[in-house]
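Chain letters run A, B, ... following the sequence lines, proteins first and then strands; every chain starts at 1. Below, all heavy atoms of this structure are taken into account, side chains as well, without hydrogens, waters or symmetry copies.
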Number of protein chains: 2
Amino acid sequence: MSGIEDVANLAGVSKATVSRALSGRGYVSADTRMRVSQAAASLGYVVSSSASSLVTGRTNNVGVIIPVINQWFFGSILEGVERALVDRGYDMMLYNLTKSHEERARVFEYFLVRKRVDAVIAVTLEITPDETQRLLALGKPIAGIGGALEGVPTLSIDDVAAARLATEHLLLLGHRDIMHVGGDIDEQMDFHVHSKRLKGFMEALTAAGVAYDQDSYVATRFDIPSAYRVGKQILGDPRRRPTAIFAAADEVAIGVILAARELGISVPDDLSVIGIDNHPLAEMFGLTSIEQRPDLQGEQVVAWVIRQLEEPGWSPPASHTVLPATLIMRSSTARPRPRSG
Amino acid sequence: MSGIEDVANLAGVSKATVSRALSGRGYVSADTRMRVSQAAASLGYVVSSSASSLVTGRTNNVGVIIPVINQWFFGSILEGVERALVDRGYDMMLYNLTKSHEERARVFEYFLVRKRVDAVIAVTLEITPDETQRLLALGKPIAGIGGALEGVPTLSIDDVAAARLATEHLLLLGHRDIMHVGGDIDEQMDFHVHSKRLKGFMEALTAAGVAYDQDSYVATRFDIPSAYRVGKQILGDPRRRPTAIFAAADEVAIGVILAARELGISVPDDLSVIGIDNHPLAEMFGLTSIEQRPDLQGEQVVAWVIRQLEEPGWSPPASHTVLPATLIMRSSTARPRPRSG
DNA sequence: TCCTCGTCTGCAAACGCTTCCAGAATCATA
DNA sequence: TATGATTCTGGAAGCGTTTGCAGACGAGGA
């Protein structure tokens, strides 16, 4: 475990010169630099990041807080964030904060704020104003993916608008009997994505003068098996069956499609289905969807925080940035079959 | 940004006492401890982990290298690893090393070895003996999920045995015309999982005296859409269609099942399908599978490295640990339909 | 009363770097 | 040749902790 001093001795220079040679900061002659590099290599020397951080005050480390890992949306964000960070020479510290506020506080105190990270990226996590303040007071940039956050640059699609767009697509095709299979309003994660998508759904119906009642909305978890079960229930009852379903996520839409197939209900002839995400499985199911790109969202927030770190004075958008969400038409939506009765 | 000295002044004690009071090491009177805690809290003081690491030599940080994030198997490992680490008070540094050896070396040099982590967990990554040596020389425990690795405790199911088990299940049901849809031998990741599963398949057939040829094996990527396309090809040609398919992973099996459904081929009446993993989607597809629990695998390797760090002298299993993989029977496999001609 | 032992606290020396400062060497220019 | 600018190098201070050591104190045993 050799230190900088060993390298200095071997190369016949001072510690200061070794530091400069290896870090590339300040003047060092080409010859010296070469000797130092060789000495370092032959000793297997690697700089101690703790020591270096201690004096520079920078860790080259970014903390990422995410509520779920094993789901396409979140996994994609993670991939985008990781790629962008490593490309810029930063390490990523990952915290999977699921629910409990207790756990949350613990991570915040013991890990994030411990001067272990230079910046924080919060994915779908409503940081409290207090937490925000503490981070900013420590000079640590923050950015978030998800809804607007006081004093934090954030980024997401407009969930209300996306839901409206999806619903409008169904309306435009001529559907009037539309149901929304979405997330449980009571169990939602931060930023109220579930109620926003429900809201967009209702707005679109209202604007089109189409009535809806509480039966127009059914809750499910955002995974294929749960949505499949819900779909079986809805579609299994002919009196309840709508001509179109707006699913709050593609996993939900796919579950519904599988349920329909099992019940011999043809999509899109008997039932149109639209989702949100443009999940990798959407294409093979011919699923019409609203596209968003979580990987690019991840890259974007990384760009924000890193630029803030490296370019003093630069500031990211002061508030929430809305990303475009575009309709991708496939074969799961069509005009409703003319009513036979 | 207050330091330990400010806390010391405010509490009217020395820096040493503050350190002891806050870390819980050494003697501190209850009264003093209280005063120090309050002083620290009122100043919003948090210990600098760089400074602390510098003197203790420990970072409380574990590096995790993983080739893929957004896939069930890997995502589950990640969840298990993260949970286990945070529970023990460690942070997780995530590196998503996809393929290039160049990138690999870079991460190894610039990040992992930089004294930034106390230990390394390699998921499905063949660390070279040289890399292993360097880490061990630095006193950093390593553990891996995946095949055996010289000098590294590793953990995985026995891929050959699991494939044999799956194939034997089909044979036992009476199938003789069995096909293997597996990973591409030429494009496989580390540890040759693809060829191992193919090997187990062939071993089982040979042991049962069932002949196979090169048409008995078809390659696909391990995702549902790719397997679906391959399934359509295989099953679309009646002359090629086997009575049973052993899929190297549940995603593949599901793709095949979806292809069969689309072609009007009944599972299991016309075609039995078995996979490996017991993926969350397996149940709703009635998929017979071989279960493995990547989350628990993640927890296990964490237990190994952390125990090594905290209990000097303790050593994990010196070599590769084989995990049980059990058959879970569902409705996708059955006796072959009696031959009609 | 004296000694020992356990508890509590402070001093000061690390830990391994980076960087400010000053001085030496080199080079171009006047 | 003198002058200044530029390039190169070393000494030393300091980053914010932890911890070994030693001293102080009170309690309990001989």
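We find that CZ of B:R35 is positioned 13 Å from P of C:dC8, with the value rounded to whole Å. Rounding to whole angstrom units, CG of residue B:D6 and C1' of D:dG16 are separated by 11 Å. Between B:L22 atom CG and C:dT9 atom C1' the separation is 16 Å, expressed in whole Å. For the pair A:R33 CZ and D:dT7 C1', the interatomic distance rounds to 12 Å; values are reported in whole Å. Spacing between atom CG of A:D31 and atom P of C:dA25 amounts to 17 Å, rounded to whole angstrom units. In this structure, the CG atom of A:N9 is 11 Å from the P atom of D:dG11, given to the nearest Å. Rounded to whole angstrom, the span from the OH atom of B:Y27 across to the C1' atom of D:dT19 amounts to 15 Å.
If you check the side chains of A:T17 and A:S14, you find a donor sitting under 3.5 Å from an acceptor. Side-chain atoms of B:W304 and B:Q308 form no donor-acceptor pair, as typed in the model, at a separation below 3.5 Å. A side-chain N or O of B:Y95 and one of A:D91 form a donor-acceptor pair less than 3.5 Å apart. No side-chain donor-acceptor contact under 3.5 Å links A:S50 and A:S53. At a cut-off of 3.5 Å, with distance as the only test, a side-chain donor of B:N70 or A:S76 sits close to an acceptor on the other residue.
Using modelled atom types, one side-chain atom of A:R116 and one backbone atom of B:T59 make a donor-acceptor pair closer than 3.5 Å.
Ion pairing of A:D87 with A:R83 is absent here, as no side-chain N (NZ or NE/NH1/NH2) approaches a carboxylate O to less than 4.0 Å.
Among the heavy atoms of the strands lying under 4.0 Å from B:T32 are primed sugar atoms or P, OP1, OP2 only; no base atom is included.
In this model, the phosphate group of C:dT7 is not approached by any side-chain N or O of B:S29 to a distance below 4.0 Å at OP1 or OP2.
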Query raised in the report: Which letters describe nucleotides 11-18 of chain C, given B = protein heavy atom under 4.0 Å from base, S = only from sugar-phosphate, - = neither?
Result: B---BBBB
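Each end of the helix from C:dT1-D:dA30 to C:dA30-D:dT1 yields a helix axis from five base pairs, and these two axes differ in direction by 40° (to the nearest 10 degrees).
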Report task. Apply the test side-chain hydrogen bond (donor to acceptor under 3.5 Å, both in side chains) to residues A:S52 and A:S49: give CA-CA distance (whole Å), side-chain angles for both, the deciding distance (0.1 Å), then the verdict. Result -> CA-CA 5 Å; A:S52 156; A:S49 62; over 6 Å; no
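The shortest heavy-atom contact between A:T154 and A:A148 is OG1-CA, 3.5 Å.
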